[in-house]
Amino acid sequence: MTSKTLQKARDYEVKMEEKIAEESRPAFHLSSRVGWMNDPNGFSYYNGEYHMFYQYHPYDAHWGPMHWGHAVSKDLLHWEYRPVAIAPDMEYDKDGCFSGSAVTLPDGRHLLMYTSVERKEEADGVVRDFQTQSVAIGDGMDYEKYENNPVLTAADLPEGCSRYDFRDPKMWQLEDGSYLCVIGNRPADGSGQILLFSSPDGLNWKYEKILDANNNRYGKMWECPDFIPLDGKWVLLTSPQDMLPEGLEYHNGNGTLCMIGSFDETEWIFTEEKNQAIDYGIDFYAPQTVLAPDGRRIMIGWMQNWDTSGHHPKEDPWFGQMSLPRELSLQNGRLIQKPVRELDAMRENKVEYKDVTLTDSTVQLEGVEGRKIDMELCIRPKDAQALYQKFAVRFAKDHEYHTALSFRPFESTLKVDRKFSGSRRALIHQCRCKVNSENGCLKLRVILDRFSAEVFANDGEQVMTITFYTEQAADGIEFFADGSVEMDVVKYDLI
């Protein structure tokens, strides 16, 4: 039965989405139907379609009481909205239905598991958010909350585990039909840890062990975990809060962490071997993966940054979008990310230049422009004995505004910079990362979609994601070199 709270949200989004012009949204990145969007939830393949749920406050383009928005897609690029899936309409989740995941049950029903939040006053007079885990079951359109919710509470936690920071369950099914789930938690030391739970049926859960502990190494609380097998290893993805930088590997604030290692599937012991950031740009958080029917592991993240997400007009009709879906693999001990191959079908109007020389100059190339494009660049020194100082490409450009991507070969650093994009706020505008470059040679793929750029360096060894809100008329692209650079350019419109 649809509650009044859920029906109100469904009626509201249908009414309000009519006021949002298609051209004011991203073309092929999923954005909020109306109001606010953050973390991807329940990313799954069900009944022949990809389902993406998301943290959702339909009534305002700023964070608020969390619902689960819902959209489906055949190709991960063209999305169709479905009605709000769940709303905060029970006593145990009255203050929000927060992040979680989805699996298909043996009887064909779709199981959602989410963090339910109830705000209560404790004996000391302090009001706190108590986080528990609940489930809902449905058919891909409508979902009923389980009568025995919540299925995990503070009573299921071992001593020392926080009752207030206990969130973001990610489930998967084992070969024997049972289920495991990882959930983020804060231990007594104030940092983060990932807890492992098991269930025979997806409804009855019990605590097993601590899968991995932060021990104050990478930020504080670890949010939104995902734990996946990939190319013979296991990968733990999580989003730490309050990170400090380690050179150019991590940056300040709320970031991303990838731990690569081995997993004893009998004793359920994860052994860390390597670590890295997932995305090196400004706007990427809380990624979640799905196993596609063809065996690919595909990841989507929230394409935003918590420290900048509140700085937009209250009257905006929508805010928040997801990243491009990315195919994951491991190569030489690193997480590799590439845009899903489905994007290739959207490429049209190819423009190609080879051996373009820039010497202490700025160049614009005929036909290389636009805000919905896929552009591949190969850059190298014109003279192998005379390394250039800097190369840059500036996009979303007019006479006043632009966003830039620049590379300094002597430092082997790649930087995104949006300080000239039109922002009037003192926000995070620049981010850098180390890339592999031999004698100034670098391969880049830059994908633009109206309000964002995603940069894939060296076939996905590093990815940098950034959003910007420059007027769409600013669609110029120019190239710059300090020194002498030779480059190849291939540009496609994305239709």
Side-chain angles (χ1 to χ4, degrees), residues 39-45 50 52 76 101-104 168-176 178-184 194-196 198 211-212 214 218 222-240 249-250 255-280 284-302 322-343 433 436 445 454 456-465:
D39 305 354
N41 297 161
F43 188 21
S44 53
Y45 189 80
Y50 292 97
M52 176 62 78
L76 296 158
S101 54
V103 295
T104 302
D168 312 333
K170 179 64 193 297
M171 302 178 286
W172 71 97
Q173 189 174 33
L174 302 177
E175 290 184 2
D176 65 4
S178 64
Y179 300 87
L180 292 179
C181 178
V182 286
I183 304 179
I194 305 301
L195 306 181
L196 183 69
S198 69
L211 180 72
D212 202 9
N214 183 10
Y218 307 105
W222 282 3
E223 296 193 305
C224 303
D226 199 347
F227 190 51
I228 57 173
L230 190 64
D231 295 337
K233 293 292 184 179
W234 279 76
V235 177
L236 175 62
L237 306 174
T238 189
S239 295
E249 186 57 47
Y250 302 106
T256 57
L257 172 66
C258 168
M259 309 289 272
I260 301 168
S262 60
F263 183 49
D264 183 330
E265 296 182 59
T266 302
E267 300 295 328
W268 294 339
I269 297 172
F270 176 61
T271 302
E272 299 175 9
E273 296 172 2
K274 296 188 177 182
N275 67 83
Q276 63 173 90
I278 302 171
D279 191 288
Y280 293 81
F284 190 86
Y285 195 74
Q288 193 168 103
T289 72
V290 66
L291 186 64
D294 60 8
R296 289 177 295 164
R297 179 63 66 170
I298 297 172
M299 178 182 72
I300 290 180
W302 180 43
M322 298 300 178
S323 72
L324 268 177
R326 303 170 184 180
E327 298 180 15
L328 303 184
S329 63
L330 294 179
Q331 295 177 21
N332 301 318
R334 283 197 64 82
L335 181 70
I336 303 298
Q337 306 168 58
K338 297 182 180 181
V340 286
R341 62 198 67 174
E342 286 85 348
L343 190 68
C433 73
N436 291 320
R445 185 175 178 184
E454 288 164 275
F456 297 80
N458 293 327
D459 294 315
E461 287 183 349
Q462 283 87 14
V463 186
M464 304 187 80
T465 301

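One is the number of the first residue; the rest follow in order along the sequence.
Counting all heavy atoms, side chain and backbone alike, Gly333 lies closest to Lys274 at O-CD, 3.5 Å. Annotation for Ser239 and Ala286: closest pair OG-N, 3.0 Å, computed over non-hydrogen atoms. The heavy-atom pair separating Pro325 from Ile298 by the smallest distance is CB-CG2, 3.8 Å. Across Gln173 and Tyr179, no two heavy atoms sit closer than the pair NE2-OH, 3.2 Å. Summarising the geometry of Gly460 relative to Val463, their closest heavy-atom pair is O-CG2, 4.5 Å, with the distance given to 0.1 Å. Of all non-hydrogen atoms in Cys224 and Asp168, the two that sit nearest each other are N-OD2, 2.9 Å.
Between Val182 and Trp172, the closest side-chain pair of non-hydrogen atoms falls below 4.5 Å. Here the side chains of Glu454 and Phe284 are not in contact, with every heavy-atom distance at 4.5 Å or above. Residues Leu230 and Thr289 are not in side-chain contact: their nearest non-hydrogen atoms beyond the backbone lie 4.5 Å or more apart. Taking 4.5 Å as the limit, some side-chain heavy atom of Pro229 sits within range of a side-chain heavy atom of Arg297. Contact annotation: the side chain of Ile336 never approaches that of Asp459 to less than 4.5 Å [non-hydrogen atoms, C-beta and beyond]. Taking the side chain as every heavy atom from C-beta outward, Pro240 and Asn214 never approach each other to under 4.5 Å. Considering only heavy atoms from C-beta on, Glu272 stays 4.5 Å or farther from Leu236 through its side chain. With a 4.5 Å cut-off on side-chain heavy atoms, Ser198 and Trp268 count as touching.
Atoms CD and CD1, from Gln288 and Ile228 in turn, are 11.0 Å apart once rounded to the nearest 0.5 Å. Interatomic distance, OG1 of Thr271 versus NZ of Lys233, reported as 9.5 Å (0.5 Å rounding). With rounding to the nearest 0.5 Å, the separation of CG in Leu195 from CG in Leu211 is 9.0 Å. In this structure, CD1 on Ile194 lies 10.0 Å from CE on Met259, to the nearest 0.5 angstrom. In this structure, OH on Tyr285 lies 7.5 Å from CG on Asp39, to the nearest 0.5 angstrom. To the nearest 0.5 Å, the span separating OG on Ser101 from CZ on Phe43 amounts to 13.0 Å.
When atom types are taken as modelled, the side chain of Ser178 and the backbone of Asp176 share no donor-acceptor pair closer than 3.5 angstrom. Counting only distance, with no hydrogens or angles, the side chain of Tyr280 and the backbone of Thr465 share no donor-acceptor pair below 3.5 Å. Of the possible polar contacts, one joining the Thr238 side chain to the Glu223 backbone as a donor-acceptor pair under 3.5 Å is found. Between the Asn458 side chain and the Glu461 main chain, no donor and acceptor come within less than 3.5 Å of each other. Ser323 contributes a side-chain N or O that, together with a main-chain N or O of Gly301, makes up a donor-acceptor pair within less than 3.5 Å. Gln276 contributes a side-chain N or O that, together with a main-chain N or O of Leu335, makes up a donor-acceptor pair within less than 3.5 Å.
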Please determine whether side chain to side chain contact (heavy atoms under 4.5 Å, CB included) holds for the pair Arg334 and Gln462, giving the CA-CA distance in whole Å, both sets of side-chain angles, and the decisive distance to 0.1 Å. CA-CA 9 Å; Arg334 283 197 64 82; Gln462 283 87 14; 3.7 Å; yes
Could you go through Met299 and Leu237, starting from their C-alpha distance and side-chain angles, then the distance that decides it, and tell me whether this counts as side chain to side chain contact (heavy atoms under 4.5 Å, CB included)? CA-CA 10 Å; Met299 178 182 72; Leu237 306 174; 4.0 Å; yes
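Under the 4.0 Å criterion applied to side-chain N and carboxylate O atoms, Asp279 and Arg326 are assigned as salt-bridge partners.
No more than 12 heavy-atom neighbours from other residues, nucleotides or ligands sit within 6.0 angstrom of CG on Asn332.
Between Trp234 and Phe227, the ring planes are tilted. Angles from 30° to 60° get that label.
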